[in-house]
Amino acid sequence: MTTLDYIPAAVEPRENYLNISYRLKSWLLTVDHKRIGILYLISITAFFIVGGAFATLVRLELATPAGDLMTAETYNKVFSMHGIIMVFFFLIPSIPATLGNFLVPLMVGARDLAFPRINLLSWYLFMIGGTLGIVAALSGGVDTGWTFYTPYSTAFSNTNVVLTGLGAFVAGFSSILTGLNFVVTIHKMRCPGLTWMRMPLFLWSMYSASLIMLLGTPVVAIAIVLLAAERLFGLGIFDPTRGGDPILWQHLFWFYSHPAVYIMILPAFAVINELITCFSRKRIFGYKWVAFSSLAIAVISFFVWGHHMFVTGQSVYGGMIFSFLSFFVAVPSAIKVLNWTATLYRGSVSFDTPMLYVFFFLGLFVIGGLTGLFLASLGFDVHVHDTYFIVAHFHYVMVGGVLMAYLGGIHFWWPKMTGKMYPEWIAKFAAFTIFVGFNLTFFPQFFLGQLGMPRRYHSYPEEYQVLNVMSSAGATILAAGYALPLFYLVWSLRYGRAAGPNPWGATGLEWLTPSPPPTENFEQTPVVTKEAYHYSDKELQVVGA
Amino acid sequence: MQPRFRLLPEQASTYAQQVDALAVFLTAVSAVITLIVLLLVVYFALRYRRRLPDERPAPVKEPHWFENVFAGFLFVVFMSMFFWGARTYFMAFKDAPDALDIHVVGKQWMWKVQHPDGTREINELHVPLGQRVQLTLASQDVIHSFYVPAFRLKQDAVPGRYTKISFEATKVGEYHLFCTEYCGTLHSRMIGRVFVMEPEKYQEWLAGTVADEPPAESGAKLYRQYGCSTCHGAQAPSLAGLFGTEREVVMPNGQRRKVRADEGYLRESILESTAAVVPGYQPIMPSFRGQLSEEQVLQLVAFIKSLRDARSDPAAGAAGGTRAGQTGDPVPDKTPSLPGPAQKTNRD
């Protein structure tokens, strides 16, 4: 009877959110924000693999000028599915739904989000939307591009436009509900002492992104309903032969989809704020500027959609206003880059894997952002609009920016999520591989665009081949780089070193909990007495296992 | 064009020169900014690298002026990019009334071109060197985009409206023509060539082709064929001297607005005849939507344009000084192998 007393307490498995139950039902019906974050992590990784497979096919086809690997019809479906899956089912949910779900309640010192059941509902909606998208892909695909431009999508395409649109529509509600949950949680559930100006900037950025999700997503939902009604019942809104206006679609679509790029990049900013402060052990430079620039981006981003339409024949004065506002929205992003750089000044900079991703993010985001200014510049946009220049630009922002921050964030919080450390050296190797592969894939595309190669081309003139081969070769390296974390992160679940509550010596409430945290997060409601990023504190220690 | 490796495209229009100058400016500014960020990040990262595991650097002072000055400075830099870009754009989209007016109709998956003398070509465009050329673009089906990289110019062809773009070629040669708005299965085959020729060579080329009748004459025939002259000038407004004038119209909701009688307005009046009615007249004109192809509408517009100096409306018999009066003849198409919309009148 007394033998139990001899077992040391440390060996006794502590109850946490992961080991509390292993039954499938306990996962599928969980209302724990951490478990839902993990569900999202698994699902979006699956979508990323599918979207990546389509990208691989695109780069294979473009290795030669002739359209020889697949038919034009198949190619059009492949690039469309790549875009749709990556944007709607990977990039938009990526950081908010995984890291955001996991971290927002921990960072505000709460037990869960404001509406735990709605949070679970939003995962189910996401999965229903994603499944519809995959079903549409398997049952013939869709060939409209991810932009669904009318009247091609309404009156000419014979593919699964409505089914795919329905998938994006349903997934959109998941995004709205997640945004709602974050906004309410950040407003109402901050623990005592956590004032707005003491919040980690992760929360400010996530809050701004949530506002866009809440206000922008309904517009694209309405647009998709109109699109479906036009296809199914012949509504005529976008049909020029009946007095409709095909350009109206572009207004509605980009009214959401331009802010949507900020739904993707603001959470990336959120991650960078936490990482760069931790690995340079510094308070962020210009806290208020960084915080309010997120809000400024959220607001201004709603007024720049017309820069996607400079060559549609819109009025030159309209074009001028949209161009001006597009330059204007770049200022807050530039302020962030300045502040991140200044944060390093007189810091104590270490080069752990998450910090490598921060460096890569900074480099790639600066290039992605500045080439955005090329496109905002009216005269130059007329030349490179709808060419590979724009493909390169948005991959620099969306992949170079969002994906680098996402990977950095996953590595940074992996110890917290799983209680295990990832293997450092192979992780660094993977990060460098991804960086090199990425640049080799997408940098040549700036030149392709400047040379005039249009996007969405199944075959192309021979003079563009050299640059295309470089791009395809880079994509091979990139694919290998992405495969590595999949293996070593899964490996670390079993064989990784135990992490301990705070392996990085980071500030923030999430690091006060054990790793992995218990279901209820905190035994007692924490009380915040300090500003965020109090890295100068002597008592702040690395707490390993 | 020989397949060869190059990093910058050929430069063959006045607009291309302006865009390239702008591109050099944008690239220089961006390179400087990128370099500054890169150097600072690398310098700080190395200079302040962690030397002891328990280092706790003290916070730095944040001067008030710092962010203000930085934001203000960037705003000025960005505005210079904005103004330069906008100025260039204005030049390309300025209306060029005295330019050589060429009609381009995009359809899945070809470009159909008609010159002022009636000469037609498909997926090719011949233009004279050093002369302003204005393209009026229309689309028969989906949105296309007419793009000549060597001219750095691009303009969407949007179904249901006209768009315009003008340029002046500066270098004799043969250049790519691409469709850059995704338009369906053979989008990447909707490509062609632009030939820039010495003006004399262009005239020779025009003379050497079997020219159709000029679009304005085809338009005059259509004008008779569809019985437009029965009403216009009598219980409908006169079309003489109409083009380019400002006039007041009544919309279906009873509101009045001022419009300029340009190509787009004429097109709308033919296809959507009750959308804007001249005060004092009844909205009784039938719509010709579905009866006229985009090319035929362009020809009618060209005809009405040709009446800009006329004093009275053309009568049924002797419309606009046409060569012959075979009323009701289908408009001949120089490219019989390809079923152009002109041949399927009353159908599409």
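Treat the numbers as computed from the prediction; the structure is a model and nothing was measured. Quick note on labels: first sequence line is chain A, next is B, and so on, each numbered from 1.
- Within the 4.5 Å cutoff, side-chain heavy atoms of A:Ser280 are placed close to those of A:Leu344.
- For B:Tyr15, the part sitting under 4.5 Å from any heavy atom of chain A is the side chain, from C-beta outward, and nothing else.
- Heavy atoms of A:Tyr533 lying under 4.5 Å from chain B are absent altogether.
- With chain A as the partner, the residue from B:Pro149, B:Ser30, B:Pro53, B:Ala16 showing the most heavy-atom pairs under 4.5 Å is B:Ser30.
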query = How far apart are the C-alpha atoms of B:His144 and B:Gln108, what are their side-chain angles, what is the distance that settles it, and do they pass the side-chain contact (heavy atoms from CB on, under 4.5 Å) test?
reply = CA-CA 9 Å; B:His144 303 280; B:Gln108 287 177 326; 4.1 Å; yes
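- Between the CZ atom in B:Phe151 and the NE2 atom in B:His176 there is a gap of 13.0 Å [rounded to 0.5 Å].
- We find that B:Glu67 and A:Lys288 are not joined by a salt bridge, their nearest charged nitrogen and carboxylate oxygen being 4.0 Å or further apart.
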task = Please step through salt bridge (Lys or Arg N to Asp or Glu O under 4.0 Å) for the pair A:Arg283 and A:Glu531, ending with a clear verdict.
result = CA-CA 9 Å; A:Arg283 183 184 196 276; A:Glu531 57 174 9; 2.9 Å; yes
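- You'll find the side chain of A:Tyr457 reaches within 4.5 Å of the side chain of B:His187, heavy atoms only.
- Proximity to chain B (any heavy atom under 4.5 Å) is shown, for A:Ile276, by neither the backbone nor the side chain.
- Both the backbone and the side chain of B:Ile143 come within contact range of chain A, with heavy atoms under 4.5 Å apart.
- Only the side chain of B:Arg161 comes within less than 4.5 Å of a heavy atom of chain A; its backbone N, CA, C and O stay farther away.
- A:Gln450 has its side chain within reach of B:Pro9: a pair of non-hydrogen atoms, C-beta onward, lies under 4.5 Å apart.
- For a residue to count as touching a neighbouring chain, one of its non-hydrogen atoms must lie under 4.5 Å from one of that chain's; by this rule B:Val158 touches chain A with the side chain only.
- Ranked by heavy-atom pairs under 4.5 Å with chain B, the first of A:Leu370, A:Val542, A:Thr154 is A:Leu370.
- Within the 4.5 Å cutoff, side-chain heavy atoms of A:Trp340 are placed close to those of A:Val337.
- Within the 4.5 angstrom heavy-atom criterion, only side-chain atoms of B:Phe90, from C-beta onward, approach chain A.
- The contact between B:Ile191 and chain A is made entirely by side chain atoms (from C-beta outward), counting heavy-atom distances below 4.5 Å.
- Between chain B and the residues A:Ala342, A:Ala72, A:Gly244, the most heavy-atom pairs under 4.5 angstrom are made by A:Ala72.
- In this structure, chain A has a heavy atom under 4.5 Å from the backbone of B:Asp54, while its side chain stays farther away.
- For B:Phe70, the part lying under 4.5 angstrom from a heavy atom of chain A is the side chain only.
- Counting heavy atoms from C-beta outward, A:Asn339 and A:Lys336 have side chains that stay 4.5 Å or more apart.
- Residues A:Asp143 and A:Tyr152 have side chains that bring a donor and an acceptor to within less than 3.5 angstrom of each other.
- At a 4.5 Å heavy-atom cutoff, A:Leu448 makes no contact with chain B through either its backbone or its side chain.
- Looking at B:Tyr162, neither its backbone nor its side chain comes within 4.5 Å of chain A, counting heavy atoms on both sides.
- Between B:Tyr182 and A:Asn76, the side chains place a donor N or O and an acceptor N or O closer than 3.5 Å (distance only, hydrogens not considered).
- Rounding to the nearest 0.5 angstrom, the gap separating the NZ atom in A:Lys77 from the CE atom in A:Met70 is 12.5 Å.
- Neither the backbone nor the side chain of A:Ala376 comes within contact range of chain B; no heavy atoms are under 4.5 Å apart.
- A donor-acceptor pair under 3.5 Å links the side-chain atoms of B:Arg56 to the main chain of A:Tyr535, judged by distance alone.
- Of the atoms belonging to B:Thr27, heavy atoms from both backbone and side chain fall under 4.5 Å from chain A.
- In this structure, the portions of A:Val316 lying under 4.5 Å from any heavy atom of chain B include both its backbone and its side chain.
- Chosen from B:Trp84, B:Phe83, B:Phe178, the residue pairing most often with chain A at heavy-atom distances under 4.5 Å is B:Phe178.
- Within the 4.5 angstrom heavy-atom criterion, only backbone atoms of B:Ala58 (N, CA, C, O) approach chain A.
- With contacts defined as side-chain heavy-atom distances shorter than 4.5 Å, the pair A:Tyr460/A:Leu62 qualifies.
- For the set B:Ile165, B:Val60, B:Leu271, B:Leu186, the entry with the most heavy-atom pairs within less than 4.5 Å of chain A is B:Val60.
- Using a 4.5 Å cut-off on side-chain heavy atoms (C-beta onward), A:Ile367 and A:Phe446 make contact.
- A:Ser157 does not touch chain B: none of its heavy atoms, backbone or side chain, sits under 4.5 Å away.
- In this structure, the portion of A:Pro461 lying under 4.5 Å from any heavy atom of chain B is its side chain and not its backbone.
- For the atom pair A:Phe380 CZ and B:Arg152 CZ, the distance stands at 9.0 Å (nearest 0.5 Å).
- Contact annotation for B:Leu22: only side-chain heavy atoms (C-beta onward) come within less than 4.5 Å of a heavy atom of chain A.
- For the set B:Glu55, B:Arg49, B:Glu62, B:Lys164, the entry with the most heavy-atom pairs within less than 4.5 Å of chain A is B:Glu62.
- Considering all non-hydrogen atoms of both residues, A:Ala66 and A:Ser459 come closest at C-CB, 4.1 Å.
- Put simply, of A:Phe351, A:Phe328, A:Phe324, the one with the most heavy-atom pairs under 4.5 Å next to chain B is A:Phe324.
- Of the atoms belonging to B:Thr163, it is side-chain heavy atoms, and not backbone ones, that fall under 4.5 Å from chain A.
- Between chain B and the residues A:Pro246, A:Gly313, A:Gly452, A:Ser348, the largest count of heavy-atom pairs under 4.5 Å involves A:Ser348.
- The parts of A:Phe327 that come within reach of chain B are both its backbone and its side chain, each placing non-hydrogen atoms under 4.5 angstrom from that chain.
- Chain B forms the most heavy-atom pairs under 4.5 Å with one residue out of A:Phe447, A:Tyr345, A:Phe359, and that residue is A:Tyr345.
- Only the backbone of A:Asp537 comes within contact range of chain B, with at least one heavy atom under 4.5 Å from a heavy atom of that chain.
- Side chains of B:Asn68 and A:Trp289 form a contact here, defined as non-hydrogen atoms less than 4.5 Å apart.
- Ranked by heavy-atom pairs shorter than 4.5 Å toward chain A, the options B:Phe93, B:Tyr43, B:Phe66 are led by B:Phe66.
- Heavy-atom pairs under 4.5 Å with chain A peak, among B:Val19, B:Thr88, B:Leu26, at B:Leu26.
- Both the backbone and the side chain of B:Phe82 come within less than 4.5 Å of a heavy atom of chain A.
- With a 4.5 Å cut-off on non-hydrogen atoms, A:Thr74 does not touch chain B at all.
- A:Tyr75 does not touch chain B: none of its heavy atoms, backbone or side chain, sits under 4.5 Å away.
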ask   = salt bridge (Lys or Arg N to Asp or Glu O under 4.0 Å) between B:Arg267 and B:Glu294: does it pass, once the steps are laid out?
value = CA-CA 9 Å; B:Arg267 181 183 188 284; B:Glu294 283 299 337; 2.6 Å; yes
query = Given A:Leu467 and A:Leu451, is the side-chain contact (heavy atoms from CB on, under 4.5 Å) satisfied, shown in steps?
reply = CA-CA 10 Å; A:Leu467 289 163; A:Leu451 281 168; 3.8 Å; yes
